[in-house]
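All remarks here apply to the structure that follows.
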Amino acid sequence: MTNDEGTRPPPGENTGNLPALAPVIAIDGPVASGKTAVGLNLARDLGYRLVDTGMMYRAVTWLALKRGIDVEDADAVTALAESARIDLGPPAADGTPTISIDDIDVTRELRAPEVDRSVSFVSRLPGVRRAMVERQRSLAREGRLIMLGRDIGSVVLPDAPVKVYLDASPDERARRRHSELAASGNGRPLDDIKRELDQRDEMDRQRHVSPLRPADDAVVIDTDNLTLEEVIERVRSVAGAAP
Ligand code: DC
């Protein structure tokens with residue numbers, strides 16, 4: 001992984017008049033639970049780096065599809081995950097993390113419907129997870145970052161000082177994804193979105209390796225009746241309260 005030192009304040013420097021914040025914030029949760037929006041806002045406010053681990057699994061999936069590798073072929077996909085040059089690039093103008101494969105920025109390709117449909121097969125392969133988790137841990141050692149995923153608090157960084165698990169009902173998450181897609185000009189029927197979301201949730205929860213679940217010591221926030229600002233405020237207060 002390469003690193004972007006970009007706009008981060010020097011280590012140890014606090015931003016604004018926040019209390020001393022923990023250097024690593026783990027945010028987990030199911031599809032469309034609000035992790036990205038919350039992570040982006042907090043990372044911007046705190047001057048932290050945002051690492052979205054879902055994009056790493058999406059990058060391996062995209063590459064497998066591009067090379068015509070069967071996403072259920074564990075050996076071939078694992079070999080790809082171990083050898084691919086997947087790098088986190090500098091954030092885009094709006095702070096969104098970017099990702100490149102062999103020096104080509106593939107960020108925009110990673111939300112394609114075919115990647116959505118196949119990523120749960122790839123992310124349940126133990127060898128793929130091993131390769132990604134190793135990279136995620138080495139990124140986390142640099143500190144001052146927010147890491148988004150499914151298993152960050154439970155498996156990747158069990159010692160993270162701040163762990164948050166964002167949740168929301170399936171209906172609410174489908175509605176959010178539906179409006180996001182409509183706003184980006186890629187509108188799709190709500191029923192289709194809900195069905196795909198249920199399938200991905202089911203696969204993420206049922207898989208043997210690192211199933212989706214809150215870490216025992218995570219603070220679980222049910223976001224159904226909260227605005228984005230209210231969720232950010234809660235995560236921020238959890239982070240400020242960490243030892
Ligand atoms: O957050 P996302 O939708 O971009 O994640 C894509 C897929 O990757 C999702 O089906 C779950 C999986 N994933 C995972 O298994 N572990 C992570 N730490 C992050 C994502």
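Counting starts at 1 for both ligands and their atoms, following the listed order. Along the sequence shown, residues carry numbers from 1.
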Identify, for [atom], the protein heavy atom at the shortest distance, and state residue, atom and that distance.
atom                    : value
atom 11 (C) of ligand 1 : Asp204 OD2, 3.4 Å
atom 20 (C) of ligand 1 : Gly54 CA, 3.5 Å
atom 4 (O) of ligand 1  : Arg58 NE, 2.7 Å
atom 16 (N) of ligand 1 : Arg129 NH2, 2.9 Å
atom 12 (C) of ligand 1 : Ser123 OG, 3.6 Å
atom 3 (O) of ligand 1  : Arg200 NH2, 2.6 Å
atom 19 (C) of ligand 1 : Thr53 OG1, 3.3 Å

task = Please answer whether the main-chain N or O of Ala174 pairs with a side-chain N or O of Lys194 as donor and acceptor at a distance below 3.5 Å.
result = no

request  = Considering the heavy atoms of Ser120, write down every atom of ligand 1 situated less than 4.0 Å from one of them.
outcome  = 10 (O)

Between [X] and [Y], is there a side-chain N and carboxylate O pair less than 4.0 Å apart?
X      : Y      : answer
Arg111 : Glu180 : no
Glu109 : Lys66  : no
Arg130 : Glu134 : no
Glu229 : Arg236 : no

Mark the output for [X] as yes if a heavy-atom distance to ligand 1 is under 4.0 Å, and as no if none is.
X      : result
Val31  : no
Arg207 : yes
Gln136 : no
Arg177 : no

Using a 4.0 Å heavy-atom cut-off, say whether [X] meets ligand 1 through its side chain, its backbone, both or neither.
X      : value
Met132 : neither
Val156 : neither
Met147 : neither

Atom pairs and distances, side-chain donor-acceptor, residues 113-121, under 3.5 Å, sequence neighbours left out:
residue	atom	partner	partner atom	Å
Asp116	OD1	Arg58	NH1	2.9
Asp116	OD1	Arg58	NH2	3.1
Ser118	OG	Glu114	O	3.3

query = Considering distance alone, does some N or O of Arg150 sit under 3.5 Å from an N or O of ligand 1?
reply = yes

query = Under 3.5 Å between some N or O of ligand 1 and some N or O of Asp52?
reply = no

task = Could you tell me which residues satisfy side-chain hydrogen bond (donor to acceptor under 3.5 Å, both in side chains) with Asp103, sequence neighbours excluded, listed by chain and number?
result = Arg85

query = Roughly how far, to the nearest 0.5 Å, is the CG atom of Leu125 from the CZ atom of Arg207?
reply = 10.0 Å

message = Are the side chains of Arg137 and Met147 in contact, using a 4.5 Å heavy-atom criterion?
response = no

key: Gln206 and Pro211, any side-chain heavy atoms less than 4.5 Å apart   = no

message = Could you check whether Asp224 and Ser169, counting side-chain N and O atoms only, form a donor-acceptor pair closer than 3.5 Å?
response = yes

